[in-house]
Amino acid sequence: ADRSRPEDAPIGLISVDDVKAATAAVTAGGGKVVYAPVMLGERGETAVFKDPEGVLFGVVHSKNGDPLDYAGELNEWYWVDLWTADVEKAAAFYRAVIGYETAPVADDGSRSGLRLLSGGFARAGIMQKNSEKSSATWLPYIRVADAKAAAAAAGAAGGKVLLEPVALNLATVAIIADPQGVVVGVAAGVSSTIAHAAGPILALYLLAQRLDKTSFVATTGVFFTVN
């Protein structure tokens, strides 16, 4: 899929302990501050940035604390991948800003990347984008009951199917865009079991690697999971 309009992508929020410290780290790491730290009522303190490739993301320090880790149920946000031209450079940036640890994903010749870890859980993926023509972007996934039905419904509602449903080991995934061009992935057949990062963890990019599935972790109702 040609995700050529990063400004149309949803902006995910990553939970951090210190929004102002994250803001300083963004600047030091070559990113840009789009919206400086601000208190949003009962939600807490937030800020929005661009990473060195110009990809939008935000951080939040919740006033009421983060929810417990849980795996997304049907029709909830389930996973997110950063598609980038330079996996290692992107990983170094997000390690510095958020404090993520990283673990490699096996390179099978078609996809390569890293998974981002914190608190013993896999939180997101950083994947090597396949085309120089496509822009770097965060791609969130929604868990659905039927990926083929979801893709067909997207087309019927005026959206586009950018990647037709494809079986990837134990899941079926598709990439769709709404009528405004906002791109998301949909995934069916995935587990809702929570797992610790010390064991095998399901993520959509791992399914694309044709690795075995045991479980997968997702957290908050925003696209990025809590730190």
Side-chain angles (χ1 to χ4, degrees), residues 6-72 76-105 113-127 135-141 184 194-198 201 203 205 216-227:
E7 66 271 22
D8 288 332
I11 300 176
L13 301 178
I14 307 172
S15 177
V16 297
D17 293 328
D18 189 328
V19 172
K20 292 181 176 61
T23 301
V26 164
T27 302
K32 295 182 179 180
V33 178
V34 178
Y35 294 106
V38 62
M39 289 297 298
L40 294 180
E42 294 301 311
R43 182 68 182 95
E45 188 175 21
T46 67
V48 176
F49 313 117
K50 285 184 177 180
D51 71 14
E53 288 186 281
V55 180
L56 287 165
F57 73 102
V59 297
V60 59
H61 180 70
S62 176
K63 189 174 182 179
N64 299 312
D66 295 323
L68 295 175
D69 289 309
Y70 72 97
E76 291 185 344
W77 298 108
Y78 193 77
W79 184 251
V80 62
D81 279 330
L82 172 65
W83 290 86
T84 175
D86 192 324
V87 171
E88 292 297 335
K89 184 177 179 180
F93 175 80
Y94 286 98
R95 275 196 299 263
V97 173
I98 308 300
Y100 284 128
E101 299 176 358
T102 57
V105 173
L114 299 169
R115 58 186 180 186
L116 300 176
L117 314 173
S118 70
F121 292 94
R123 305 296 180 176
I126 298 181
M127 305 305 300
S135 299
T137 187
W138 281 102
L139 178 65
Y141 293 84
V184 297
I194 292 178
H196 193 277
I201 299 176
Y205 63 85
F216 171 73
V217 176
T219 57
T220 65
V222 295
F223 308 144
F224 292 24
T225 49
V226 296
N227 177 43

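Keep in mind it's a predicted model, so treat the numbers as computed, not measured. All residue numbers refer to positions in the sequence shown, counting from 1. As a basis for the values below, the full set of heavy atoms in this structure was taken, side chains included, without hydrogen atoms, waters or symmetry mates.
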Would you name the heavy atoms of Asp86 and Glu53 that are closest together and state the gap between them?
N-OE2, 4.4 Å

What are the two closest non-hydrogen atoms of Val87 and Gly113, and how far apart are they?
CG1-CA, 4.1 Å

What's the verdict on side chain to side chain contact (heavy atoms under 4.5 Å, CB included) for Thr46 and Val19, showing C-alpha distance, side-chain angles and the deciding distance?
CA-CA 7 Å; Thr46 67; Val19 172; over 6 Å; no

To the nearest 0.5 Å, what is the distance between CZ on Arg115 and CD1 on Ile126?
13.0 Å

Rounded to the nearest 0.5 Å, what separation is found between the CG atom of Leu82 and the CG atom of Leu139?
10.0 Å

Salt-bridge test for Glu45 and Lys20: reply yes if a basic N is under 4.0 Å from a carboxylate O, no otherwise.
yes

Donor-acceptor check, side chain of His61 to backbone of Asp18, threshold 3.5 angstrom: yes or no?
no

Gap between atom OH of Tyr100 and atom CG of Leu117 - 0.5 Å precision
10.0 Å

Worked verdict on Ile98 versus Val59 for side chain to side chain contact (heavy atoms under 4.5 Å, CB included)
CA-CA 9 Å; Ile98 308 300; Val59 297; 4.0 Å; yes

Rounded to the nearest 0.5 Å, the OG atom of Ser62 sits from the CZ atom of Arg43 at a distance of 5.0 Å

Locate the shortest heavy-atom distance separating Ala36 from Ala47; write the atom from each residue and the value.
C-CB, 4.1 Å

Pairs satisfying ring pair (Phe, Tyr, Trp, His ring centres under 6.0 Å), at least one member in residues 19-46, at least two apart
none

Closest non-hydrogen atoms of Ile11 and Gly58, given as atom of the first, atom of the second and distance, are CG2-N, 4.0 Å

Go through Lys63 and Leu40 one step at a time and tell me if the side chain to side chain contact (heavy atoms under 4.5 Å, CB included) criterion holds.
CA-CA 9 Å; Lys63 189 174 182 179; Leu40 294 180; over 6 Å; no

Ignoring hydrogens and angles, state whether a donor on the side chain of Asp81 or Trp79 is under 3.5 Å from an acceptor on the partner side chain.
yes

Would you sort out whether Val26 and Phe57 count as a side chain to side chain contact (heavy atoms under 4.5 Å, CB included), showing the intermediate values?
CA-CA 11 Å; Val26 164; Phe57 73 102; 4.0 Å; yes

Once rounded to the nearest 0.5 Å, what's the spacing between atom CG of Asp51 and atom NZ of Lys32?
11.5 Å

Closest contact, heavy atoms only, Pro52 versus Gly29:
CG-O, 3.5 Å

Can you name the residues that form a side chain to side chain donor-acceptor pair (under 3.5 Å) with Thr102, not counting sequence neighbours?
Arg95

Distance col, row Thr84:OG1 vs Tyr94:OH, nearest 0.5 angstrom, shows 8.5 Å

